[in-house]
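What follows is a short report on a single structure.
Proteins get letters first, then strands, A, B, ... in listed order; numbering begins at 1 in each.
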2 protein chains.
Amino acid sequence: MGNLWQVNEDSFSTNLKQIQSQETVFTIGNGYFCTRGTFEEGYPHETPATLLFGVFDSVPVSKEELANAPDWIGIQLFVNNERFRLDKGKLLAYTRSLNLQNGVLTRTVHWESPAGIRVRINSERFASLADEHLGLIRYSVTVDESPKDLPVAISLRANFNAARGNYDVMHWETTDQGHSSDLLWLQSETRKTNVTLVQTMSFNADTTAFQKEFVDGDIEPSIRLVGSLNPQESVTTEKTVVMCTSRDSDDPLKSALAHHQKILNTAAEETAGNAHNVFIFDYQLQKQDEAWAHFWQQADILIEGDDKAQVGVRYNLYQLRINASDDDSRYSIAAKGMTGFGYRGHVFHDTEVFMLPFFTYELPHIARNLLLYRYHLLPAARKKAASNGYAGAQYPWESTLNGEETTPPSIVHPETGEVIPVLNGFIELHITSSIAHATWEYWRVTADEKFMRDYGVEMLLSTALFWDSRAEKNEQQNDYTISNVIGPDEWHEHVNNNAHTNFMAKYNIKIALEALKWLQKTAPSKANALIEQLDLTDERIAHMQDVQEHLRIPQDPVTGLLEQFDGFFKLAKFDQEKYKGRKDSYQGILGVHEIQKYQLIKQADVLMLLTMLRQEFDYDTKKVNWDYYFPITDHDYGSSLTPALHAILGSELGHTEEAYQMFMKGTLVDLENLRGNTPEGIHAACAGAVWQATVFGFAGLRVTEEGYTTDPHLPHNWQRLSFQFKHKGEPVHIDLKP
Amino acid sequence: MGNLWQVNEDSFSTNLKQIQSQETVFTIGNGYFCTRGTFEEGYPHETPATLLFGVFDSVPVSKEELANAPDWIGIQLFVNNERFRLDKGKLLAYTRSLNLQNGVLTRTVHWESPAGIRVRINSERFASLADEHLGLIRYSVTVDESPKDLPVAISLRANFNAARGNYDVMHWETTDQGHSSDLLWLQSETRKTNVTLVQTMSFNADTTAFQKEFVDGDIEPSIRLVGSLNPQESVTTEKTVVMCTSRDSDDPLKSALAHHQKILNTAAEETAGNAHNVFIFDYQLQKQDEAWAHFWQQADILIEGDDKAQVGVRYNLYQLRINASDDDSRYSIAAKGMTGFGYRGHVFHDTEVFMLPFFTYELPHIARNLLLYRYHLLPAARKKAASNGYAGAQYPWESTLNGEETTPPSIVHPETGEVIPVLNGFIELHITSSIAHATWEYWRVTADEKFMRDYGVEMLLSTALFWDSRAEKNEQQNDYTISNVIGPDEWHEHVNNNAHTNFMAKYNIKIALEALKWLQKTAPSKANALIEQLDLTDERIAHMQDVQEHLRIPQDPVTGLLEQFDGFFKLAKFDQEKYKGRKDSYQGILGVHEIQKYQLIKQADVLMLLTMLRQEFDYDTKKVNWDYYFPITDHDYGSSLTPALHAILGSELGHTEEAYQMFMKGTLVDLENLRGNTPEGIHAACAGAVWQATVFGFAGLRVTEEGYTTDPHLPHNWQRLSFQFKHKGEPVHIDLKP
């Protein structure tokens with residue numbers, strides 16, 4: 001492998017699954033929007049998408065989904081009136097490459113038209129990390145050969161394409177459109193939620209020999225550049241696009257036009273050029289380089305001796321970055337980020353358990369926003385708890401902007417019409433403690449006292465109050481139970497005393513009470529106000545302490561082996577040997593009902609607990625549980641979330657080889673479409689787990705009260721592992737060699 | 001009211017419901033396609049649709065829906081770069097009119113642009129009845145006033161718009177697009193069923209001073225005409241569109257291009273004009289006039305003394321005509337025809353019970369095709385019967401092309417997520433006898449022996465066999481029952497011995513055995529083949545006779561009063577007085593479960609039986625049942641199907657005033673959006689019922705073995721009622737005066 005900053009594609013496959021998977025892989029973005037790696041010229045059955053952070057429209061049953069915006073990347077090239085597209089003519093050469101160092105996607109093509117004209121086409125695009133409203137494409141055409149050396153008519157049409165949907169479902173309607181002397185604009189509105197989006201476009205060539213023309217229209221407003229080229233001549237064009245929404249501005253049209261004009265003017269001044277010539281791309285690329293350099297300076301992980309892991313890890317960090325907003329706390333990172341339609345842009349515990357640690361350690365201002373999102377959801381979470389008869393705040397299993405539960409209550413099978421109930425929104429509870437845990441970790445690592453004082457303590461106490469009321473007292477045994485839940489292992493439903501759920505609930509109460517003490521010490525009036533607001537009487541606090549102390553944890557007192565839930569050990573053992581070479585999950589093979597009878601789990605459950613709270617458990621406990629649960633987990637076709645996460649515990653226990661295998665399953669999950677569903681978007685939680693596996697696992701980083709420690713377990717081929725993180729605002733550099 | 005052939009709109013309402021209702025009302029069509037009456041220039045939140053006969057795409061749960069094709073009517077007008085649309089600038093005058101005599105929709109507009117330019121815009125459009133592939137628009141612009149009398153830049157852009165869906169759901173993907181010197185074309189494919197559609201377009205002005213330009217593109221390929229006009233000058237343009245699908249042709253692109261070129265050439269020859277000038281519209285309009293004149297010559301109903309009824313009846317006949325294919329028996333007329341998205345283009349018993357009589361009496365070649373559609377469905381209907389454990393053929397309650405049951409088995413409430421079972425596809429059985437009845441009526445009126453021999457007898461026997469196996473024998477009482485059904489009154493589910501269902505089942509067996517006897521006499525070898533194919537043993541036939549004689553009909557032997565189903569008379573009576581002025585159906589008010597407890601019905605059930613088989617019942621029986629059931633039927637908010645149908649029995653019983661009221665509820669249901677759901681499409685069954693009410697009701701026409709009789713009961717203000725029909729191929733003219 002050459003460049004360790006590049007994801008490359010050296011030939012074009014016409015396999016549709018492969019094309020759609022690569023569309024996901026080659027997504028560009030900047031946290032404000034992401035755009036899938038479809039082609040400027042389109043391709044049959046492609047799945048183009050530009051999703052904007054927090055821009056939703058309504059859908060039946062699942063409430064809301066990120067609304068695929070009018071496509072901004074389209075450029076249609078006509079060579080002597082023959083349209084260029086990859087399924088037409090003859091493809092002589094093709095490469096595509098995503099430069100992770102600066103987020104630029106480049107494609108080169110050598111193409112022969114049906115009439116025998118040969119052209120070289122080069123396109124580069126990026127979503128500006130320096131200016132989140134800005135997207136840029138540089139598109140150039142060189143005539144290589146023309147029959148009889150005749151000049152070739154070249155027409156380039158840059159458009160906005162309003163005929164885009166989430167798969168088949170359209171969310172936008174054009175409300176206005178127009179153009180000025182420099183710019184063309186399209187104003188659209190989501191059909192049900194009434195979010196306004198304005199997109200502006202300029203499109204220029206590097207030669208005045210090409211005529212420019214504006215083509216207004218509601219559906220495909222365009223700017224055309226028309227001219228001709230002799231053999232060996234080239235034309236280079238730049239498409240500059242600005243996007244603003246009514247979420248950012250009261251008058252997004254005015255804002256977008258002004259912003260775009262400023263971009264044109266600034267570039268013109270800086271380069272002393274002419275506004276109709278090409279130079280914006282280079283000028284903005286410089287800023288893009290700087291913005292990404294700034295990111296990598298903080299967040300890069302250097303791995304020597306393992307090029308595949310090196311590029312793979314960087315790719316996962318790239319994904320974490322492009323899917324997180326720099327400044328918007330009204331929404332969080334979805335299960336697939338903004339890279340595809342899977343899970344409709346809903347936010348799960350994936351963010352807090354898997355992704356947040358990366359941001360907490362590397363980009364704490366973003367981690368803060370992600371937690372603020374949960375703070376904004378508190379009223380809705382209180383309402384959910386109350387509607388179920390509980391106190392405090394119960395977070396929704398899936399959420400969008402307003403914190404309503406957006407898990408579909410049931411789905412209708414598209415073919416059989418069978419109704420399949422979806423229970424997660426009702427009884428999968430542990431997201432509430434995940435959020436509390438993430439809040440606590442953020443504080444522990446960043447020491448952001450202001451956040452803790454103003455938001456964190458309230459979140460911790462509100463979630464603790466939920467658990468306090470959710471736990472059921474058993475008078476005889478003088479303990480508490482939590483019954484009828486789904487734990488992280490979603491293949492077993494309606495279980496009692498899930499070890500993960502119960503232990504995390506205890507922990508949630510513990511840190512909440514600790515945080516309250518801290519607040520009483522450091523900001524007594526704030527603490528009193530909170531005590532009053534949450535009605536934290538002495539009795540209530542005493543009860544919380546009692547629950548915290550006596551909530552049942554099903555664990556063997558001698559060996560330390562945790563039982564995943566009451567009765568798990570009584571379930572049948574499953575002989576996996578018979579299913580070697582399977583291509584489906586065990587749930588897929590056995591069915592939703594049958595799988596419940598077996599000791600066979602979808603993903604880390606007990607082991608996730610031991611990973612998240614690894615400071616609370618000793619080596620022997622981790623070992624006995626690893627030995628029990630690791631072999632009965634479906635690492636290949638169960639959940640994509642936990643393979644990489646297993647590397648943390650695996651490393652600590654000295655299973656470096658297994659840890660490395662799990663880590664690579666995570667690292668390559670999208671680059672190699674290991675689970676077959678990359679077309680629907682990247683596995684964002686997995687990207688976070690890859691960072692955790694590297695930093696918490698192979699480096700063994702642990703932040704303690706005193707500072708931090710490392711406990712390296714480098715895979716055998718790694719010559720060096722180096723990264724930095726922020727501890728209480730101070731940069732720490734880690735550089736490990738075998 | 002002036003012209004008795006026109007539906008007029010004299011002003012433009014900005015009320016969205018009204019706009020969408022009028023889009024349905026002003027639908028044009030020719031049986032191959034229909035296009036809703038949206039505006040060429042678009043309007044916010046409009047619901048444009050072009051639906052093609054039998055062109056479906058897949059959808060979840062409901063299996064298939066007619067796929068809204070790329071919009072062919074778009075013309076965007078720019079006046080000095082300002083876009084004309086009805087929500088912009090100032091509307092000085094507006095009229096719209098649908099000419100029922102020739103199917104041409106005309107709109108006139110006098111408009112002032114925001115910059116103060118005044119223009120007159122005139123548009124006319126039609127779907128050619130003479131050439132089903134052809135749609136035409138004539139669009140002219142006259143500059144009325146311009147500030148300082150300056151010339152005005154005029155740009156007209158005629159497009160195909162691929163960004164159309166069934167509401168939000170897109171069904172088409174562009175697969176190719178291009179243009180030649182005269183024509184621009186778009187080739188699309190349905191996303192799941194892979195039907196190919198090719199649309200070709202030419203767009204010409206009546207002056208060479210306007211420059212023509214082709215704008216290629218996948219989403220909105222267009223032809224632009226650009227020029228300028230001085231005050232008082234005009235430009236007239238013509239947009240000619242041809243549509244062909246892979247249902248008609250192996251190479252729809254070639255077919256469409258050749259067809260379009262032929263249209264251009266023919267018009268050029270005939271008018272000795274120049275292919276780029278305007279003349280196609282007038283030439284084709286002449287053919288359109290002739291085709292419609294031919295239709296009206298056969299099908300018109302003349303009513304003197306009641307202009308509202310006159311126009312209304314013609315409007316309903318217009319709808320019947322434009323929604324029925326002239327030559328395609330692979331699909332039938334949907335509940336909403338091709339005029340909107342309601343019921344997704346699925347075919348119900350609405351066709352056979354309500355619409356078919358019109359075609360049987362007026363356009364028997366179409367009636368034959370509609371019945372052939374059911375013949376093609378026999379294999380699927382046999383499969384449905386077999387899968388339920390019965391013999392013969394059970395027709396699906398809803399169907400599309402292949403005869404699979406397409407009634408959704410359940411629907412999920414879009415907001416609550418509640419699952420609502422839909423039982424009609426399982427237990428509403430009477431459609432099977434409706435089809436048999438329609439087959440018999442067709443034969444009785446047309447004497448089409450070839451049809452009866454080749455198809456009809458097989459349909460009659462196959463459906464009779466279903467009933468024969470469906471009836472359950474009661475040994476004690478020596479009779480048969482049919483339990484657990486829904487009758488035509490859908491507000492009562494799981495009922496036993498629905499009088500309508502049982503009587504029609506008997507009748508179905510009776511006519512089947514009669515038809516078999518006829519076949520044995522006239523085509524014995526064909527009869528023997530059928531007997532063998534259907535395994536019609538002597539025992540089987542004896543059993544059928546037994547069922548036919550002893551199937552239970554719940555009827556008072558003295559009064560003749562039929563009980564709608566076992567136990568109906570024991571249900572609670574309902575005091576409707578309390579609900580005067582209600583705006584919802586009784587089911588809406590009481591709920592799906594509560595309504596079942598009352599003697600309150602959605603639509604004619606017993607009375608529909610007495611109407612369909614009016615020759616089988618005497619006056620007294622009709623009277624006693626009318627008196628019982630008419631008052632307990634929800635004529636206003638129950639089903640739209642039967643108000644007009646009631647006029648038949650009402651007339652016969654001398655309730656002419658009530659009959660007229662019911663008839664007008666049907667006649668105006670869409671013209672005045674009486675049920676609030678005209679935006680989703682016309683009430684096609686109701687249109688058929690209007691014809692029946694007029695001909696069978698007010699004229700009292702009855703075809704007998706000897707010939708025909710009339711029994712006129714004209715509404716008091718009708719001075720004349722005149723129409724003709726075909727009896728055994730011979731035209732019969734009826735002319736009635738009070």
Side-chain angles (χ1 to χ4, degrees), chain A residues 42 44-46 57-63 70-71 74 76 78 81-83 85 88 155 157 159 161-165 167-179 189 191-192 213-222 224 408-419 421-422, chain B residues 42 44-45 57-63 70-71 74 76 78 81-83 85 88 155 157 159 161-179 189 191-192 213-222 224 408-419 421-422:
Chain A
H45 308 299
E46 62 181 356
D57 197 27
S58 305
V59 288
V61 187
S62 295
K63 301 260 164 66
D71 197 359
Q76 285 176 347
F78 297 86
N81 279 323
E82 289 184 311
R83 186 186 313 203
R85 210 167 63 180
K88 296 169 176 285
S155 162
R157 179 177 179 195
N159 66 8
N161 181 342
R164 295 303 190 202
Y167 300 117
D168 304 343
V169 179
M170 287 189 290
H171 285 299
W172 298 86
E173 177 163 354
T174 297
T175 50
D176 212 349
Q177 188 278 322
H179 74 269
E189 194 177 275
R191 293 180 176 216
K192 288 158 197 142
E213 181 197 28
F214 290 86
V215 184
D216 288 312
D218 285 352
I219 306 311
E220 197 187 6
S222 318
R224 290 215 295 188
S410 56
I411 51 174
V412 173
H413 192 288
E415 278 146 37
T416 63
E418 191 196 356
V419 176
V422 178
Chain B
H45 308 300
D57 197 27
S58 304
V59 288
V61 186
S62 296
K63 302 260 166 65
D71 198 357
Q76 285 174 349
F78 296 86
N81 279 322
E82 287 183 311
R83 185 184 314 200
R85 210 167 62 181
K88 296 170 178 282
S155 163
R157 179 177 178 193
N159 65 9
N161 181 342
R164 295 303 189 204
N166 290 41
Y167 300 116
D168 304 343
V169 179
M170 288 188 291
H171 285 300
W172 298 86
E173 178 164 353
T174 298
T175 49
D176 211 348
Q177 189 278 322
H179 74 268
E189 194 178 274
R191 293 179 176 217
K192 286 157 198 144
E213 181 198 27
F214 290 86
V215 183
D216 288 313
D218 285 351
I219 307 311
E220 198 187 4
S222 318
R224 289 215 295 188
S410 56
I411 51 174
V412 172
H413 192 288
E415 277 146 38
T416 64
E418 191 198 353
V419 176
V422 178

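- Neither the backbone nor the side chain of A:Asn159 comes within less than 4.5 Å of any heavy atom of chain B.
- Not counting sequence neighbours, the partners of A:Asp168 by the side-chain contact (heavy atoms from CB on, under 4.5 Å) test are B:Val169, B:Arg191, B:Lys192.
- Chain B forms more heavy-atom pairs under 4.5 Å with one residue of A:His179, A:Glu189, A:Arg164, A:Arg157 than with any other, namely A:Arg157.
- Both the backbone and the side chain of A:Gln177 come within less than 4.5 Å of a heavy atom in chain B.
- If you measure heavy-atom distances from A:Glu213 to chain B, the contacts under 4.5 Å come from the side chain alone.
- When all heavy atoms are compared, the tightest approach of B:His45 to A:Glu173 is N-OE2, 2.5 Å.
- Here A:Asp218 is the residue among A:Val215, A:Asn161, A:Thr175, A:Asp218 with the most heavy-atom pairs under 4.5 Å with chain B.
- Checked against side-chain contact (heavy atoms from CB on, under 4.5 Å), B:Asp176 has the following partners two or more places apart in sequence or in another chain: A:Lys88, B:Trp185, B:Gln187.
- For A:His171, no part lies under 4.5 angstrom from a heavy atom of chain B.
- Residues A:Arg83 and B:Asp216 are in side-chain contact: their nearest non-hydrogen atoms beyond the backbone lie under 4.5 Å apart.
- Most heavy-atom pairs under 4.5 Å with chain B, from the set A:Gly165, A:Pro408, A:Gly217: that is A:Gly217.
- For a residue to count as touching a neighbouring chain, one of its non-hydrogen atoms must lie under 4.5 Å from one of that chain's; by this rule A:Tyr167 touches chain B with the backbone only.
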